[in-house]
Each structure stands twice: as C-alpha cells, then as structure tokens.
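Report on the following structure.
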Amino acid sequence: MSSILQSLEEAFQNAFSDLGFSPDLGAVRESDRPDLAPFQCNGAMAAAGQAKKQGEKVNPRDIAQSVADAVKKHDAVKSIEIGGPGFINIAPTEEALSKRARDLSGSEHLGIEQVEPRTIVVDYGGANVAKPMHVGHLRSAVIGEAIKRLYRALGHKVIGDVHMGDWGLQMGHLISELESEEPDLPYFDEDKLEDFPEDSPVTMDDLARLYPQASNAAKNDEARMERSRLATAELQAGRAGYMALLHHFIDVSVAALKVGYGDLGVEFDLWNGEACVDHLIPEMIEEFRRKNIAEDDDGALIIRVEEEDETKDVPPVMLLASSGAVLYHTTDLATLVDRKNEIDPDLIIYVVDQRQALHFEQVFRAAVKAEWYKRDQLYHAGFGTMNGKDGKPFKTREGGVLRLEDLLKIMNEAAADRLEESGIGADYEASERREIARKVGLAALKFADLQNQRLTNYVFDPERFTSFEGKTGPYLLYAAVRIKSILRRAKDEDVSPGKIKISDPKEAQLLLSLDAFGRAVASSAEKYAPHILCDHIYRVAQSFSRFYSDCPILAEDIPEEVKASRLALAELTLRQLEKGLTILGIETPERM
RNA sequence: GUCCCCGUAGCUCAGUCGGAUAGAGCGCAGGAUUCCUAAUCCUGAGGCCACUGGUUCGAAUCCAGUCGGGGACGCCA
C-alpha cells in the first residue's frame, strides 16, 4: 500500500527514466505552493542542467511537458500543469484520495511502512544515583522515549537503557561523607567481609543531601577531596563494605527514579548502570593492550584517537587515571563490550546532551579501533540545553535547579485551572478531573520540548509552557477528544462509519495531511528528529479542526452516506492522531 | 588557540542534500457560536532570512570570510 505521493513519484521516475534521465529527478514533494496544487516535481530544471553539462541545450519547460504528457494518464492524476521555468504541479483525483483513505482505514499501521527489523539500543535518561531528577533530565528522557517508540513503530526491536551514572568519584564522595556522619556503621569496618544489613542506612533524601555536601566541601579542601578519591579507588578495588553500600545507594535511587520516570511516562527495559560493567574492565584493558591500541602516557593509560589530516584536536581516550582509577571513557567502553556480548545490537543511539559530543566521538573511535563496532553503528543524538530567558541554562528564581516533580506540579495545576475555567469538567468525578489535568499538563510539557529541533538550545518560558492554545500538546489532545465525542454521539444515534468518499475540499485537505504520516515517521526516525513527527501531527490536528468547522458530520440535513463517510474519516484521523501521540509519549484523555 | 552548535516576523521557533509569493504559534487589529466541545475556526498587519563576497538560470539553504550568542577541549561524570 503506497501513499499518493509515492504512487505519483513512481510514475514520474519512470517518465524521467524513459526520457533518458536519471529516475531520481522524478522526486515528488508536497508543494511549496499549495494554492496551485498539492504536489510538485522540480526535476525538469535539474534535467536541463544535466543536459547542458553534456553540451545539449534544452528548455526545461519542454522536458516538463514531455514528462507531464507521460504521467497525465496515471489514474491518480486529476490535473498536471507546468509553471514558471519548469515546475510541474500535480493535483490528485478525488477517487485516488478516497481510495487512499479506505486503504489507510483498513491498515493496522496507518501508513507506517514496516522495515526489516534491526536490534537497536537507545541509551537515554542518564540520571545519576543519589541526585534527584531536575529539568536537566527532562530532554533526554522525553526525546529518548520518542526515538525509542519511533523505531518500534517502524518494526525494529528496540531496547531502552537508562544507563545510570553510579560509578566513579561521586560514589567516593557519598561513601566518605556518610562515614563522616556515621563512622560506626558496619560498612566502614575494613575487616568485615559479609553479612551487611539488608536495609539501606540512607534514604533518597539523605543521598540528595550528602552528595552536594561532599562535593562542595571537596572543592575547597584538597584533603577532603583525597578522602573521596581514596574511597572511590577502594570501592573500585572491590572493598566489601563499600560494595554493599553502593548497592544500597543504587537500590534506593532506582526506586526513586522509577517513580520519577513513571510520572513522565518514560519506561526503560534495562536499569543498568556503570557499576554493572565494572567486572568487564580488566579484560577489556587487557584486550586494548594486546591489540596495541592502548599506551602508557604520563602514568595514565590512554588510547590515541586523533585521525590524520584532521584540523581539530581530538584528545586521547583516558582508560586509567595515573591513580589507577577508572574513568568515564572506561565505563562507557565497557558498556559497549557488555552490549556487544549480551545484545549484539545493529545500532546504539545515545540521547545525551550535545555538550558531550566530543566525549562520544572519542569513545566511538576507540570502539571502532578495537573492531567491536562499525562507526555507523554508533550514533550520538545530542540535544541543546533548556535555557532561561537570559540564554543561560534554566534556573529557578532562587538560582537553584528546578526539580522535575515541581515542574510537573506546575503543569498539572495550570491544566487543572484551565479545565475549571472552561467549566466543562464541572460534572466529572474529581479523580477524572485529576487524570485529565495530568495528561494535559504532561502533553503540554512534552510537546513543547519535542517540537524544537534537537540541537537548538531553547528558552524555557513557564508562561508559554502553561498556555494551552495554538501549537501545543493540548491543541492536539483537543482535536482527538472532539473526535471521541463525535464517535460516542454517533454510537448513540446509531450512525456507523462507512465507505469514505472524498468530495469537500476540507476533506481532501485532511486526507492529504493523513497521507503524509508514513513519511513523517520514517524521516523523523531516520534523522532522530521527533520534531518532524510533531509537525505532522500538528498539521493533521489543524486540518481536522478546519474540516470540523466546515463539514458537519451528525447534523440532521446531512445525507446518511456522507455522515458515514465523514465519520469514518474522523475515526481514521483519531487513530492516526493517537498513534502519533503515543509515539511521542503523549496520552490522550477521553474528554477534556 | 582549536573545534562544535546557533543567528529567520515584536516574542518563541520550523524551513537548510539550491527552486515559484520564506512558514507556524504567541502577541496585535478585526470577525464567526439558533449547528457534533470556542483549549476552536476565519481575515489582516508584521521579514535587507546577522553581515560581506563567491558559485548558479535560480541562494535563507552551498563555498570563503567577518561579527554576535552558546558550548567542548587528558586524569569529574
């Protein structure tokens, strides 16, 4: 089942090919001039350019005319006209639109073309043990979740891994700080090797307090820093009490993180962290040495990854610090080994802050050098920071970071207020109102984040985030909810969806929007760019709203077959909207 | 110093493997509700696409340079 655009494109490619040109020139796209026709093909100008290079002088309009003549008889073509220097404008027939609508209606995937499945790991979330989630964690979670679902929608096997930061100096900070406060805990007895208490000596709140306390103290106190370093080294050397503590820290943190990510509607298949791959490090280092990839340098063990003829400086990968400690590069590489062993993925996508681009470039090069992966199996999908109005990373008025749960609360309350204003939810149960407010608030938050191109830093403006009009998550939900309402009413009135027949221009416009779903999903995934799908869903919602105001469905004077057709079109729209929203990680309420 | 990202309407952002008249939302000015949810729809005003030069029939888009903003650059993660 191919889209209208695809079937037109096929005809154009054949036409160009038959004229002796490259079939690529037959690319059809949505028109820049929708006032002229919905689709256009610009290949004639390029073809004339090609011919000119070979010494032939041809008028692009003549080529366009030949192509148009060849394509004219295609049964999806209603009109075909040549404009300007050789643009070919194409309008499809109502029959083609109607048929496409019925095809989409009957298809499980709603136009998303299923592909040869690959195994893909999406590494996102990246929360740290012992640190509460804040707005800085939002983008990775929201974008990563969308990318994961995008690839699943295409038919791939996708594994989401939270990849927690739970290894390294931060653990040394926590251990030594806890020792300062409670030196008598059994974990600090060097001779004790087993039988540590099962219950954690600390809560999440304790951890959230201990970490900044230690980190600040160490900043200005070299001796304090040395204690953290020592604790880190001993932990990594496997000291029993410290390992037991580490597992408490991780358990306590994971429980809290599961709640936090759950509130965001983000789910991971793997809750692995850096500590999980620690045991692979000695052998990995041995392999690097054996392959003559790693070398000693100034007491540290490094891998040089700069390439010849490179203008930029790429510093080496640091495998071991001169203290012998394991670093960020090391655990990331060990994670790559682990994934190779356990999953053997075709592709790994890292959804991590763009500021870490160089880090990933280094790690990827080392992994390629070791011949574990090909370069195109590893991709860093970086993203820009969420800034305040001053252009600096967002801070609260007090200057601190905004906790994620507080942000969610703000969104929730704004949505609840809006619901109350509208007066619509007055007769709903309190629990349903709460649930609606939750979904609307979360939709606003996620859509506001996802609709930006990944790499741009964007301004987080609480006022704009909590306005629910225009190009926002709630606008999309509103369109979906209106359809649900119509469907409920149609059921009451015993009207059933029937055969779709496109006749009104607004119906045609809506169908043309729906036709583009498969393309939007594919290119969104290919470019790791959820904002492309956001744009598509928004256009569908917009087309539906126009259709809604122009084309009554259940009004008395509407003929039965038109009712049935429009109802089916509305239902199809709802299915696509909900599918798209689900991919973006947005839930739709029944009413709002 | 080297490298990366960004600069488009008053504001927030799309558009960048070259195509016709550069789009959207907010805001602003006006209009639509005897009719399926007005969190909606319609109309309008608003642009040296940072700047300079180049390539091209054609440049917001490609190339070179300049300016401005953000960021990264061996023992934190």
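Each chain gets a letter, A, B and so on, in the order its sequence line appears, and its residues count up from 1. Please read all numbers here as calculations on a predicted model, not as lab measurements.
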Expressed as a whole number of angstroms, how long is the span from [X]:[atom1] to [N]:[atom2]?
X: A:H329; N: B:rC76; atom1: NE2; atom2: C1'; answer: 12 Å
X: A:F447; N: B:rA14; atom1: CZ; atom2: P; answer: 12 Å
X: A:E226; N: B:rC75; atom1: CD; atom2: P; answer: 15 Å
X: A:R539; N: B:rG15; atom1: CZ; atom2: P; answer: 11 Å
X: A:I281; N: B:rC75; atom1: CD1; atom2: P; answer: 18 Å
X: A:K219; N: B:rC76; atom1: NZ; atom2: C1'; answer: 11 Å
X: A:E421; N: B:rU40; atom1: CD; atom2: C1'; answer: 15 Å
X: A:I483; N: B:rA39; atom1: CD1; atom2: P; answer: 16 Å

Does [X] reach a base, just sugar-phosphate, or nothing at all? Heavy atoms under 4.0 Å.
X: A:L320; result: nothing
X: A:D353; result: nothing
X: A:V326; result: sugar-phosphate
X: A:G168; result: sugar-phosphate
X: A:L419; result: base
X: A:P316; result: base

Quiz item: For A:E30, does the CD atom sit with more than 12 other heavy atoms under 6.0 Å from it, leaving out its own atoms?
Solution: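 More than 12 heavy atoms, drawn from other residues, nucleotides or ligands, come within 6.0 Å of this atom.
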Quiz item: Is atom CD of A:E463 surrounded by more than 12 heavy atoms (other residues, nucleotides or ligands) closer than 6.0 Å?
Solution: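 No, not enclosed.
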Exercise. Not counting sequence neighbours, list each pair that qualifies as a ring pair (Phe, Tyr, Trp, His ring centres under 6.0 Å) and has a residue in residues 546-568 of chain A.
Key: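 For residues 546-568 of chain A: A:F544-A:F547, A:F544-A:Y548.
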Quiz item: Got a sec, which pairs hit ring pair (Phe, Tyr, Trp, His ring centres under 6.0 Å) with one end in residues 305-331 of chain A, sequence neighbours left out?
Solution: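 Pairs touching residues 305-331 of chain A that pass the test: A:Y328-A:H359, A:H329-A:H359.
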Between N or O atoms, less than 3.5 Å apart, protein on one side and nucleotides 34-38 of chain B on the other: list the pairs.
unit_1, atom_1, unit_2, atom_2, d
B:rC36, O2, A:I553, N, 3.4
B:rC36, O2, A:L554, N, 3.1
B:rC36, N3, A:I553, N, 3.0
B:rC36, N4, A:Y548, O, 2.4
B:rC36, N4, A:C551, O, 3.3
B:rU37, OP1, A:S485, OG, 2.7
B:rU37, O2', A:Y478, OH, 2.3
B:rU37, N3, A:M592, O, 2.8
B:rU37, O4, A:M592, N, 3.1
B:rU37, O4, A:M592, O, 3.4
B:rA38, OP2, A:R482, NH1, 2.8

Quiz item: For residues 469-482 of chain A, which residue pairs qualify under side-chain hydrogen bond (donor to acceptor under 3.5 Å, both in side chains), counting only residues two or more places apart or in two chains?
Solution: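 As it turns out, the side-chain hydrogen bond (donor to acceptor under 3.5 Å, both in side chains) pairs with a partner in residues 469-482 of chain A, which skip direct neighbours, are A:K471-A:D535, A:Y475-A:S545.
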Quiz item: Please, which pairs that meet side-chain hydrogen bond (donor to acceptor under 3.5 Å, both in side chains) have at least one residue in residues 411-420 of chain A, sequence neighbours excluded?
Solution: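 Non-adjacent pairs meeting side-chain hydrogen bond (donor to acceptor under 3.5 Å, both in side chains): zero.
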Quiz item: Parallel, tilted or perpendicular: which fits the ring planes of A:F16 and A:F21, with parallel below 30° and perpendicular above 60°?
Solution: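 A:F16 and A:F21: perpendicular rings.
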Exercise. I would like to know whether A:M411 and A:T466 meet side chain to side chain contact (heavy atoms under 4.5 Å, CB included); could you show each step before the answer?
Key: CA-CA 6 Å; A:M411 301 303 298; A:T466 51; 4.0 Å; yes
Minimum-distance nucleotide (side-chain atoms of [X] versus [options]):
X: A:V440; options: B:rA72, B:rA39, B:rA14; value: B:rA39
X: A:S545; options: B:rA39, B:rC41, B:rA24; value: B:rC41
X: A:A321; options: B:rA20, B:rC75, B:rA39; value: B:rC75

Exercise. Ignoring backbone atoms, test whether A:H173 places a side-chain nitrogen or oxygen under 4.0 Å from the OP1 or OP2 oxygen of B:rA77.
Key: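 Looking at the OP1 and OP2 atoms of B:rA77, neither is under 4.0 Å from any side-chain N or O of A:H173.
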Practice problem: Considering just the side-chain nitrogens and oxygens of A:Q542, establish if one lies under 4.0 Å of OP1 or OP2 belonging to B:rG25. | Solution: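 Yes, such a contact exists.
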Quiz prompt | Residue mapping more 5' on RNA chain B - nearest nucleotide basis, A:R546 or A:R355 | solution =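 Closer to the 5' end of RNA chain B: A:R546.
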Quiz prompt | Earlier contact from the 5' end, RNA chain B, for A:D535 and A:A415 | solution =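 The 5'-side residue here is A:D535.
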Quiz prompt | Pairwise C1' distance for B:rA39 and B:rG58, with rounding to whole Å | solution =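 Those two atoms are separated by 44 Å.
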Quiz prompt | Same-atom distance (C1') from B:rG65 to B:rU55, integer angstrom | solution =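 15 Å, rounded to whole Å.
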Quiz item: What are the two closest non-hydrogen atoms of A:V58 and A:A48, and how far apart are they?
Solution: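 In terms of heavy atoms, the two residues are closest at O-CB, 3.8 Å.
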Self-check item: RNA chain B-proximal residues of residues 294-303 of chain A, any heavy atom under 4.0 Å
Solution: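 Listed by number, they are A:D298, A:A300.
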Quiz item: For every nucleotide of nucleotides 56-63 of chain B, 5' to 3': is a protein heavy atom under 4.0 Å from its base (B), only from its sugar-phosphate (S), or from neither (-)?
Solution: -S------
Practice problem: Summarise protein proximity over nucleotides 2-12 of chain B in one line of letters, 5' to 3': B for base, S for sugar-phosphate only, - for none, counting protein heavy atoms closer than 4.0 Å. | Solution: SSSS------S
Quiz item: Are A:F383 and A:Y124 an aromatic pair by the rule of ring centers under 6.0 Å?
Solution: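 No: the rings miss the under 6.0 Å criterion.
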Quiz item: For the side chain to side chain contact (heavy atoms under 4.5 Å, CB included) test, which of A:N89, A:I88, A:L512 pairs with A:F39?
Solution: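 Result: among A:N89, A:I88, A:L512, A:L512 is the only option passing the side chain to side chain contact (heavy atoms under 4.5 Å, CB included) with A:F39.
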Quiz prompt | Lys/Arg N to Asp/Glu carboxylate O, A:E587 vs A:K446, below 4.0 Å | solution =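 No.
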Quiz item: Does the B:rC75 base have a donor-acceptor partner in the side chain of A:S322 within less than 3.5 Å?
Solution: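 For A:S322, whose side chain was compared with the base of B:rC75, there is a donor-acceptor pair (under 3.5 Å).
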Quiz item: Checking only heavy atoms, does the side chain of A:N89 share a donor-acceptor pair with the base of B:rA20 at less than 3.5 Å?
Solution: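 Present.
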Table please: side-chain donor-acceptor pairs of residues 166-173 of chain A below 3.5 Å, with sequence neighbours left out.
unit_1, atom_1, unit_2, atom_2, d
A:D166, OD1, A:E274, N, 2.7
A:D166, OD1, A:A275, N, 2.7
A:Q170, NE2, A:G165, O, 3.2
A:H173, ND1, A:S228, OG, 2.7

Exercise. State which residues pass side-chain hydrogen bond (donor to acceptor under 3.5 Å, both in side chains) with A:S543; sequence neighbours excluded, sorted by chain then number.
Key: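 Only A:S513 meet the side-chain hydrogen bond (donor to acceptor under 3.5 Å, both in side chains) criterion with A:S543.
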Exercise. Could you list the residues that satisfy side-chain hydrogen bond (donor to acceptor under 3.5 Å, both in side chains) with A:Q213, not counting sequence neighbours?
Key: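 Partners of A:Q213 under the side-chain hydrogen bond (donor to acceptor under 3.5 Å, both in side chains) test: A:E177, A:E181.
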Practice problem: Assess A:R454 against A:Y528: is NZ or CZ under 6.0 Å from the centre of the six-membered ring, and within 45 degrees of the ring's axis? | Solution: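 No, A:R454 does not sit over the ring of A:Y528.
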Quiz item: With centres under 5.5 Å and planes under 30° as the test, does A:Y475 stack with B:rA39?
Solution: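 Check failed, A:Y475 does not stack on base of B:rA39.
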Practice problem: Apply the test side chain to side chain contact (heavy atoms under 4.5 Å, CB included) to residues A:R355 and A:T385: give CA-CA distance (whole Å), side-chain angles for both, the deciding distance (0.1 Å), then the verdict. | Solution: CA-CA 9 Å; A:R355 287 177 292 193; A:T385 50; 3.5 Å; yes
Practice problem: Both distances under 3.5 Å, Watson-Crick or G-U wobble: on that basis, could you give the dot-bracket string for RNA chain B, with [ ] for crossing pairs and | for other-strand partners? | Solution: (((((((..((((.....[...)))).(((((.......))))).....(((((..]....))))))))))))....
